[in-house]
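Here the structure is laid out as structure tokens; the discussion comes afterwards.
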Amino acid sequence: MTEEEKNSAEHAYSASNIQVLEGLEAVRKRPAMYIGDISLKGLHHLVYEVVDNSIDEALAGYCTHIEVGIYPDGSISVQDNGRGIPVDFHEKEKRSALEVVMTVLHAGGKFDKGSYKVSGGLHGVGVSCVNALSSHMTTQVRRDGKVYQQEYEKGHPLYPVKVVGECPKEQTGTRQQFWPDGEIFSVTEYQYTTLASRMRELAYLNAGIRITLTDYREKNEDGTFKQEVFYSEQGLREFVRFIDSSREHLFDDIIYINTEKQGVPVEVAIMYNTSYNESIHSYVNNINTIEGGTHLAGFRRALTRTLKKYAEDNKMLDKVKVEIAGDDFREGLTAVISIKVAEPQFEGQTKTKLGNNEVMGAVDQAVGEALTNYLEEHPKEAKLIVDKVVLAAQARVAARRARETVRKTPMGGGGLPGKLADCSLKDPSKCELFIVEGDSAGGSAKQGRDRKFQAILPLRGKILNVEKSMWHKAFESDTVNNIIQALGVRFGLDEENSKAANLEKLRYHKIIIMTDADVDGSHIDTLIMTLFFRYMPELIRDGYLYIATPPLYLCTKGKNRAYCYTDAERERFIQTYGDGGTEKGVTTQRYKGLGEMNPEQLWETTMDPETRILKQVVLENAAEADQIFSMLMGEDVGPRREFIEENAVYANIDA
Ligand code: 0RA
């Protein structure tokens with residue numbers, strides 16, 4: 001073909017595809033509708049979408065290895081050793097099947113007769129969306145001894161699928177590489193840790209699949225690229241062990257279920273520990289259902305019924321005088337539930353609550369049968385569980401009696417705490433609560449704030465480490481009660497789950513933790529975040545929790561003056577204003593704590609919505625957060641020291 005012929009072929013080619021292109025234009029017009037948002041989250045979602053297709057191929061039994069690469073030019077590659085997306089000519093569509101998959105919305109599973117598509121990202125939008133939101137994309141398929149290729153710009157094919165090479169016949173697979181479009185995304189730089197965390201989770205959820213993550217932007221000392229391999233032979237069993245790695249086990253066994261009931265594949269791993277936490281992580285088609293749903297309800301129902309029946313049948317409750325509640329059965333329980341549903345209905349605020357009713361019975365039956373067998377075959381472990389349940393019930397009842405003698409108000413239901421300086425507006429969506437370390441900083445914050453929409457709650461003294469205390473014990477702590485009462489959050493209203501927080505009366509939609517920028521401050525941040533994570537995770541999930549960022553320095557050179565929030569910012573100030581780019585002539589005032597700023601400075605640097613920097617606390621990966629919080633705040637100091645040494649952001653600030 002001459003250059004001219006090629007151009008005209010490409011032109012004719014794209015002209016015949018107007019219909020398709022319009023479909024993808026919709027994705028570019030409203031990207032958030034398809035991938036959630038256009039920030040960091042949506043950017044990473046593109047990768048998950050592509051990886052999910054390879055996971056599907058693996059679940060169908062044809063793929064064992066997925067390689068993900070992050071490149072210096074901002075692109076991502078995902079390569080698998082599956083059968084390769086079919087490339088044959090599609091009669092109805094008048095083009096290659098591969099092109100249809102890549103350019104038609106929701107065309108993902110079209111050619112997949114028989115086996116149903118089980119994975120698929122949160123929005124399940126398919127690879128064509130990724131293509132539409134990429135400035136460039138290249139797909140390569142190895143099948144039948146040939147390498148096929150097609151490239152795209154913003155989802156538009158640049159040429160029909162063509163053969164670009166040969167390969168051994170037995171070598172098959174799909175390679176996708178995409179460059180996220182900077183015109184669409186507000187950020188385009190990938191975070192290794194975010195991708196690693198999801199790949200680790202996927203490896204645990206899908207035993208036997210090897211996922212390699214390589215960061216071609218970063219070299220190790222020996223010249224190789226930064227790389228991790230995620231592989232789990234034991235799947236969910238290893239996953240619960242990982243989550244509970246810093247907790248003391250009640251016994252070493254993992255109760256493991258892997259079965260299919262009423263056409264629903266159900267996999268569950270359960271472990272008991274000596275803590276007071278309930279940590280149940282549930283997944284549907286590899287998606288973390290943080291709002292729960294019918295599968296979780298089925299699990300809880302089976303657990304309560306089976307344990308209760310076992311304890312009664314074995315006369316273990318005869319001498320127990322207290323009523324045992326559902327929660328008591330779940331104290332110290334860590335579990336991962338993973339099910340596959342052909343047509344999941346996702347509901348709830350974040351579309352992570354499973355609505356399919358038929359699933360409840362399937363999970364209930366699977367867990368009921370397996371747990372009954374386990375208890376009968378393991379009397380020693382069964383006794384440990386029942387004893388722990390009874391203890392939980394007794395402690396709960398004793399605490400309630402003690403509370404009732406002191407005051408009659410339900411937990412978290414009372415008036416506002418005396419230390420709270422409330423704001424005058426009442427609309428929660430406009431109101432902010434600053435939780436401030438120390439009375440003196442609290443005083444400055446009260447003077448410096450805009451009292452219309454900013455409320456201040458100063459905290460004095462130590463904040464309870466809820467990781468180590470029984471659930472109800474937290475409500476005996478003044479600081480915890482002050483926070484809960486100020487927020488207007490109530491507990492104990494939900495029949496199903498009496499520990500669930502009720503956010504209906506939440507009084508502020510921004511809750512801002514404001515502490516000193518030093519080790520103590522960061523410790524207090526962690527304590528408060530632990531309280532929220534364990535008692536009110538919904539509040540983090542809904543994006544209400546923030547951390548304030550006070551400046552580290554005030555740099556001055558003549559008339560130029562700037563607050564610097566990082567060492568890099570201070571460096572930049574010196575480069576720009578210092579004599580000959582040196583520190584000469586620059587005065588640096590270092591802020592050791594919030595208390596060193598006067599009310600005006602505190603407002604200007606840390607509280608004024610126009611100028612402040614707020615960090616939103618996000619729950620990227622609940623299972624991993626569970627593991628990290630239990631490690632940081634739990635009993636075992638070894639792993640904690642290691643983690644702090646590896647992640648010591650504040651180490652040089654204090655030096
Ligand atoms: C449908 C049919 C066949 C393969 C695939 C889909 C497939 C899709 C993706 C997406 C990423 N990697 C993939 N690998 C395979 C094969 C049908 C056949 O060979 O008979």
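Atoms within each ligand, like the ligands themselves, are counted from 1 in listed order. When a residue number appears, it is its place in the shown sequence, counting from 1.
Short contacts between ligand 1 and T174, defined as distances under 4.0 Å to a heavy atom of the residue, involve ligand atoms 12 (N), 13 (C), 14 (N).
By heavy-atom distance, the residue among G82, A97, G173, G84 lying nearest atom 4 (C) of ligand 1 is G84.
Under 4.0 Å is where a charged nitrogen must lie from a carboxylate oxygen, and between R300 and E278 at least one such pair does. A salt bridge does not link K154 with E25: none of the charged nitrogens is closer than 4.0 Å to a carboxylate oxygen. For K261 and E369, the salt-bridge test passes: some basic side-chain N is under 4.0 Å from an acidic carboxylate O.
Side chains of Y204 and Q234: no donor on one and acceptor on the other come within 3.5 Å.
Using a 4.0 Å cut-off between heavy atoms, Q176 makes no contact with ligand 1 at all. Contact annotation: for P86 versus ligand 1, heavy atoms closer than 4.0 Å belong to the side chain alone.
For Y190, the ring pair (Phe, Tyr, Trp, His ring centres under 6.0 Å) partners at least two apart in sequence or on another chain are H44.
Among the atoms of N53, none of the N or O lies under 3.5 angstrom from an N or O of ligand 1.
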